S.K.: 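Quick one: structure below, then a few questions.
Values below: every heavy atom of this structure, side chains too, minus hydrogens, waters and symmetry copies. Positions are given from 1 along the sequence. Owing to the predicted nature of the structure, the values given are computational and were not obtained by experimental measurement.
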Amino acid sequence: SIPDPGYMTESDVNDVVNTKMGAMETTLNEIRNGCGNWFLPMIHFDLDKYYIKPEFYGQLHHVGELLQRCPGLCVTVVGHTDARSGNDYNRVLSYNRANAAIDYLMSKYGVSRDRMKLMYGGEDQPLVDSSARGASESKNYMNRRVEFRVCQDADTDMAQPDGPNAGQGPSGRTGSQYSGNKNSGY
């Protein structure tokens with residue numbers, strides 16, 4: 001706490017200045033190390049898939065190197081789907097996508113699992129509106145994504161949702177097909 005300015009001694013003033021300078025030095029060091037001056041990308045997925053496409057290795061490299069360089073950083077990994085298929089299926093598929101990204105960062109960059117929070121939104125948070133009948137594939141593709149962000153206070157590590165096995169992983173293995181009110185598997 002800062003003493004009342006009317007009663008500050010020279011020592012109190014020096015303490016306040018030193019505290020402010022220390023905080024500023026920490027911020028400058030983070031920027032110099034690249035920990036305070038960056039943005040986190042997103043990656044996209046093919047229809048009903050959760051394997052990492054090679055064209056997104058560069059984006060994951062950026063996230064992995066940042067996590068290596070900044071050991072105090074926590075990243076939230078949020079999976080999403082397009083609006084096709086049932087929401088139970090889509091929640092599982094969006095979880096699988098976020099989990100695949102986390103597994104990749106752990107195996108390729110040695111990032112500890114406890115530095116990443118897995119969250120998923122299924123079809124509930126589209127990046128672009130693809131709800132119109134016959135929406136373009138590019139709009140649906142934009143919504144099939146995993147986003148990365150610096151952990152926020154409200155972020156929690158979400159457990160795998162209940163629902164049908166969803167999507168296709170790197171081995172080509174597919175889950176049971178979901179037959180809800182919408183088309184199956186996206």
Side-chain angles (χ1 to χ4, degrees), residues 38-64 66-67 73-109 111-170 173-186:
W38 42 266
F39 87 100
L40 295 175
M42 70 177 69
I43 60 175
H44 297 274
F45 294 82
D46 286 335
L47 186 65
D48 199 27
K49 305 286 191 287
Y50 60 87
Y51 62 84
I52 305 297
K53 295 171 63 166
E55 65 203 64
F56 292 107
Y57 291 168
Q59 285 88 330
L60 290 170
H61 179 75
H62 174 75
V63 175
L66 183 67
L67 284 162
L73 185 67
C74 171
V75 169
T76 300
V77 182
V78 187
H80 300 276
T81 67
D82 64 28
R84 295 176 286 184
S85 193
N87 208 16
D88 287 344
Y89 187 94
N90 283 338
R91 277 191 291 272
V92 174
L93 182 56
S94 61
Y95 169 88
N96 288 344
R97 288 174 175 167
N99 195 52
I102 287 172
D103 286 348
Y104 184 90
L105 292 168
M106 289 171 50
S107 68
K108 299 289 184 189
Y109 296 92
V111 178
S112 174
R113 175 63 180 87
D114 63 0
R115 296 185 55 213
M116 295 177 279
K117 293 182 180 180
L118 187 155
M119 297 181 73
Y120 53 87
E123 63 189 62
D124 296 334
Q125 299 169 347
L127 189 62
V128 296
D129 182 11
S130 63
S131 61
R133 187 172 187 86
S136 72
E137 179 53 27
S138 63
K139 286 183 177 181
N140 285 313
Y141 182 76
M142 292 302 294
N143 289 329
R144 296 190 305 260
R145 70 197 188 279
V146 165
E147 297 176 349
F148 300 89
R149 68 175 183 238
V150 174
C151 292
Q152 300 168 359
D153 291 341
D155 292 348
T156 59
D157 207 18
M158 297 170 74
Q160 182 172 357
D162 291 331
N165 193 6
Q168 197 171 40
R173 191 188 71 218
T174 185
S176 62
Q177 292 301 309
Y178 179 78
S179 55
N181 294 332
K182 301 179 186 176
N183 294 330
S184 160
Y186 312 92

S.K.: Determine whether a donor-acceptor pair (N or O, by modelled atom type, separation under 3.5 Å) exists between the side chain of Asn90 and the backbone of Arg84.
M.R.: yes
S.K.: Does some side-chain heavy atom of Asp103 sit less than 4.5 Å from a side-chain heavy atom of Ile52?
M.R.: no
S.K.: Flag the pair Asp82 / Leu47 as yes when at least one side-chain heavy-atom distance between them is below 4.5 Å, and no otherwise.
M.R.: yes
S.K.: Are any side-chain N or O atoms of Tyr89 and backbone N or O atoms of Gly167, one a donor and one an acceptor, separated by less than 3.5 Å?
M.R.: yes
S.K.: Has the side chain of Arg97 got a donor or acceptor atom that lies under 3.5 Å from a matching backbone atom of Lys49?
M.R.: yes
S.K.: Identify the heavy atoms of His44 and Phe56 that sit nearest to each other, and give their distance.
M.R.: O-CE1, 3.3 Å
S.K.: So which atom in Ala98 and which in Gly79 form the shortest heavy-atom distance, rounded to 0.1 Å?
M.R.: CB-N, 3.7 Å
S.K.: With a sphere of 6.0 Å drawn around NZ of Lys108, does it hold more than 12 non-hydrogen atoms of other residues, nucleotides or ligands?
M.R.: no
S.K.: Report the C-alpha separation of Gln168 and Asp48 in whole Å, then their side-chain angles, then the decisive distance to 0.1 Å, and conclude whether the side-chain contact (heavy atoms from CB on, under 4.5 Å) test is met.
M.R.: CA-CA 6 Å; Gln168 197 171 40; Asp48 199 27; 5.6 Å; no
S.K.: Would you sort out whether Asp46 and Tyr51 count as a side-chain contact (heavy atoms from CB on, under 4.5 Å), showing the intermediate values?
M.R.: CA-CA 9 Å; Asp46 286 335; Tyr51 62 84; 3.4 Å; yes
S.K.: So how far is it from Gln125 CD to Glu147 CD, rounded to the nearest 0.5 Å?
M.R.: 7.5 Å
S.K.: Would the distance check show the side chain of Asp157 and the main-chain N or O of Lys117 forming a donor-acceptor pair, the cut-off being under 3.5 Å?
M.R.: no
S.K.: Which heavy atom of Tyr95 sits nearest a heavy atom of Met158, and at what distance?
M.R.: CE1-O, 4.2 Å
S.K.: Could you grab the distance from atom CD1 of Ile43 to atom CG of Leu60, nearest 0.5 Å is fine?
M.R.: 4.5 Å
S.K.: Can you list the steps and then say if Tyr104 with Tyr57 is a ring pair (Phe, Tyr, Trp, His ring centres under 6.0 Å)?
M.R.: CA-CA 9 Å; Tyr104 184 90; Tyr57 291 168; 5.4 Å; yes
S.K.: Are any side-chain N or O atoms of Arg145 and backbone N or O atoms of Asn143, one a donor and one an acceptor, separated by less than 3.5 Å?
M.R.: yes
S.K.: So, using side-chain hydrogen bond (donor to acceptor under 3.5 Å, both in side chains) as the criterion, who are the partners of Asp114 when residues are at least two apart?
M.R.: Ser112
S.K.: Please lay out, stage by stage, how Val78 and Asp155 fare under the test side-chain contact (heavy atoms from CB on, under 4.5 Å).
M.R.: CA-CA 10 Å; Val78 187; Asp155 292 348; over 6 Å; no
S.K.: Is there a donor-acceptor pair under 3.5 Å between the side chain of Tyr50 and the backbone N or O of Ala101?
M.R.: no
S.K.: Calculate, to the nearest 0.5 Å, the distance between atoms CZ and CE belonging to Phe148 and Met42 respectively.
M.R.: 10.0 Å
S.K.: Roughly how far, to the nearest 0.5 Å, is CZ of Arg115 from CD1 of Ile102?
M.R.: 12.5 Å
S.K.: Please identify each residue that fulfils side-chain hydrogen bond (donor to acceptor under 3.5 Å, both in side chains) with Gln59, with sequence neighbours left out.
M.R.: none
S.K.: Can you measure from NE2 (His61) to CG (Leu66) and round to the nearest 0.5 angstrom?
M.R.: 11.0 Å
S.K.: Using atom types as modelled and distance alone, determine if a side-chain donor or acceptor of Arg149 lies under 3.5 Å from a backbone N or O of Leu40.
M.R.: no
S.K.: Determine whether Phe45 and Val146 make a side-chain contact, defined as any pair of heavy atoms from C-beta on separated by less than 4.5 Å.
M.R.: yes
S.K.: Gly64 and Tyr109: which non-hydrogen atoms are nearest, and at how many Å?
M.R.: CA-CG, 3.7 Å
S.K.: Locate the shortest heavy-atom distance separating Ser94 from Gly121; write the atom from each residue and the value.
M.R.: OG-N, 3.8 Å
S.K.: In Å, rounded to the nearest 0.5 Å, how long is the span from CG of Leu93 to CG of Asn165?
M.R.: 10.0 Å
S.K.: If you take all heavy atoms of Leu67 and Leu73, which pair is closest and at what distance?
M.R.: CD2-O, 3.7 Å
S.K.: Evaluate the side-chain contact (heavy atoms from CB on, under 4.5 Å) criterion for residues Thr76 and Gln152: first the C-alpha distance (whole Å), next the side-chain angles of each, then the deciding distance (0.1 Å), finally the verdict.
M.R.: CA-CA 8 Å; Thr76 300; Gln152 300 168 359; over 6 Å; no
